[in-house]
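Indexing begins at 1, ligand by ligand and atom by atom, following the structure's order.
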Amino acid sequence: AKRRSRNTISFFTSEMTRTMMRRLEMESDLRRAIEHDELEVHYQPKVDILKGAIYGMEALVRWFHPTRGMVPPDEFIPLAEEIGMIVPIGEWVLRTACRDAMELRRQGIPMQLSVNLSMRQFREADLVERIAATISEIGLDPSFLELELTESILMTEAAQSIAALNEIKRLGVTLSIDDFGTGYSSLSYLTKLPIDILKIDRSFIQHCGHDGNSATVVSAIINLADQLGHSVVAEGVETVAQLAFLRERRCSRIQGYLVGKPVPLHTFVAQLDRWRKI
Ligand code: C2E
Ligand code: CA
Ligand code: CA
Ligand code: CA
């Protein structure tokens with residue numbers, strides 16, 4: 001029995017070592033990802049279903065690791081956040097996406113651009129200056145830029161958050177709450193935030209076409225946004241039933257695989273005509 005427990009321990013130990021080694025390796029690889037040109041920004045269309053037109057796109061970062069292949073953001077963004085790499089990565093994404101949006105404008109296809117902002121970036125003292133510098137360097141009209149923040153970022157450090165958000169708003173940039181409904185937001189606090197858009201989390205949208213409870217939550221969020229004077233975007237729309245439900249509730253802005261997955265810029269442009277017909 002003694003030997004078996006020793007074996008068990010060494011099994012777990014080597015398992016832990018492997019996990020740790022993998023993490024350390026990922027960490028050092030991630031530190032070099034920008035200079036090694038391994039990051040790419042993909043774009044997912046945002047559609048106005050009442051107008052039947054694409055009005056914007058969300059920038060989503062992709063990491064093409066030389067041996068592991070594509071590492072999903074859900075795997076490396078939390079790591080990047082932990083080791084602080086999210087700051088240079090986030091800045092690179094913002095710059096790249098703004099350049100791409102400018103390129104589309106030059107081609108006569110103006111698009112609203114959404115970029116995700118992480119907790120760590122939001123806490124940087126010079127965040128607003130850096131955003132301002134990037135926008136003006138590239139020449140993008142700030143009203144074309146929307147920054148997405150999650151509820152958890154906004155609900156912590158309440159007073160400072162509001163001050164920082166107001167500064168960003170003064171640049172002329174639009175603000176939205178991402179994954180709305182999944183955080184621990186207090187509704188009274190919500191009224192104090194200078195935000196423009198609520199993005200209903202995919203977990204609610206997923207079942208709203210057939211499940212009464214999800215449908216109720218989605219309707220409630222749409223009404224809440226309406227009452228507060230915010231726009232609303234439904235995320236993760238995959239089925240025609242979900243689309244029909246949202247249309248009936250007059251939620252006009254949607255995003256999801258039903259319309260299009262995130263793709264490289266050239267694919268985004270190539271698919272525009274097909275998407276416009278939806
Ligand atoms: P998010 O900001 O909530 O982005 C939406 C995610 O849902 C994306 O996953 C998108 O590909 C996926 N999605 C969109 N429509 C559908 C759908 O109809 N069905 C399903 N199943 N999924 C859908 P992705 O690209 O893997 O990104 C995951 C998360 O990683 C993002 O969630 C965001 O939190 C983070 N992320 C991605 N890019 C960036 C970035 O540049 N900066 C920061 N800070 N975070 C990023
Ligand atoms: Ca987002
Ligand atoms: Ca989201
Ligand atoms: Ca998410």
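- Residue D179: an N/O/S atom is found under 3.0 Å from the Ca ion (ligand 3).
- Under 4.0 angstrom from ligand 1, the non-hydrogen atoms of P262 all belong to its side chain.
- Contacts between L60 and ligand 1 below 4.0 angstrom, taking non-hydrogen atoms only, involve backbone and side chain alike.
- Closest approach of L175 to P194, counting heavy atoms only: CD1-O, 3.7 Å.
- One hydrophobic cluster, built from ILVMFWY side chains closer than 4.5 Å, holds both I34 and L30.
- Only the backbone of V237 comes within 4.0 Å of ligand 1, counting heavy atoms alone; no side-chain atom from C-beta on gets that close.
- Here the side chain of T182 pairs a donor or acceptor atom with the backbone of D179 at under 3.5 angstrom.
- At least one heavy atom of E235 sits closer than 4.0 Å to an atom of ligand 1.
- Draw a line from the Ca ion (ligand 3) to OD1 of D178 and another to OE2 of E235, and the angle between them is 90° (to 10°).
- Heavy atoms of R202 found under 4.0 angstrom from ligand 1 belong exclusively to the side chain.
- Among heteroatoms of the N, O or S kind in E58, OE2 lies nearest the Ca ion (ligand 2).
- The distance from ligand 1 to the heavy atoms of S118 drops below 4.0 Å at these ligand atoms: 44 (N).
- Around the CZ atom of R68, the shell of radius 6.0 Å holds more than 12 heavy atoms that belong to other residues, nucleotides or ligands.
- Ligand-side atoms of ligand 1 in range of Q44: 14 (C), 15 (N), range being under 4.0 angstrom from any heavy atom.
- Atoms of ligand 1 found under 4.0 Å from any heavy atom of G256, numbered from 1 in the order shown, are 15 (N), 18 (O).
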Practice item. Begin from the C-alpha positions of F245 and C251 and carry the test side-chain contact (heavy atoms from CB on, under 4.5 Å) through to its verdict. Key: CA-CA 9 Å; F245 174 84; C251 171; over 6 Å; no

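- Each of the following atoms of ligand 1 lies closer than 4.0 Å to a heavy atom of E238: 17 (C), 18 (O), 19 (N), 20 (C), 21 (N).
- Under 4.0 Å from ligand 1, the heavy atoms of D179 that appear belong solely to its side chain.
- The aromatic rings of Y43 and F268 lie perpendicular to each other, with more than 60° between the two planes, well past the 30° mark.
- Using a 4.0 Å heavy-atom cutoff, Q255 is absent from the residues neighbouring ligand 1.
- Under 4.0 angstrom from ligand 1, there are no non-hydrogen atoms of H42.
- At under 3.5 Å, a nitrogen or oxygen of N116, whether backbone or side chain, sits near a nitrogen or oxygen of ligand 1.
- Of all atoms in ligand 1, listed by their number and element, those nearer than 4.0 Å to a heavy atom of V61 are 38 (N), 39 (C), 40 (C), 41 (O).
- Judged by distance alone, with hydrogens and angles left aside, the side-chain atoms of E27 form no donor-acceptor pair with the main-chain N or O of L79 at under 3.5 Å.
- There is no side-chain donor-acceptor pair under 3.5 Å between E146 and Q112.
- Within the 3.5 Å criterion, the main-chain N or O of I222 finds no donor-acceptor partner in the side chain of D226.
- Taking backbone and side chain together, E148 holds no N, O or S atom under 3.0 Å from the Ca ion (ligand 3).
- The closest approach between any non-hydrogen atom of K199 and ligand 1 is not below 4.0 Å.
- With H230 contributing its side chain and I195 its backbone, the two residues share a donor-acceptor pair below 3.5 Å.
- Residue contacts to the Ca ion (ligand 2): S114 brings no N, O or S atom closer than 3.0 Å.
- Between the side chain of E75 and the backbone N or O of P72, no donor-acceptor pair lies under 3.5 Å.
- Residue E58 has at least one heavy-atom neighbour below 4.0 Å for each of these atoms of ligand 1: 2 (O), 4 (O).
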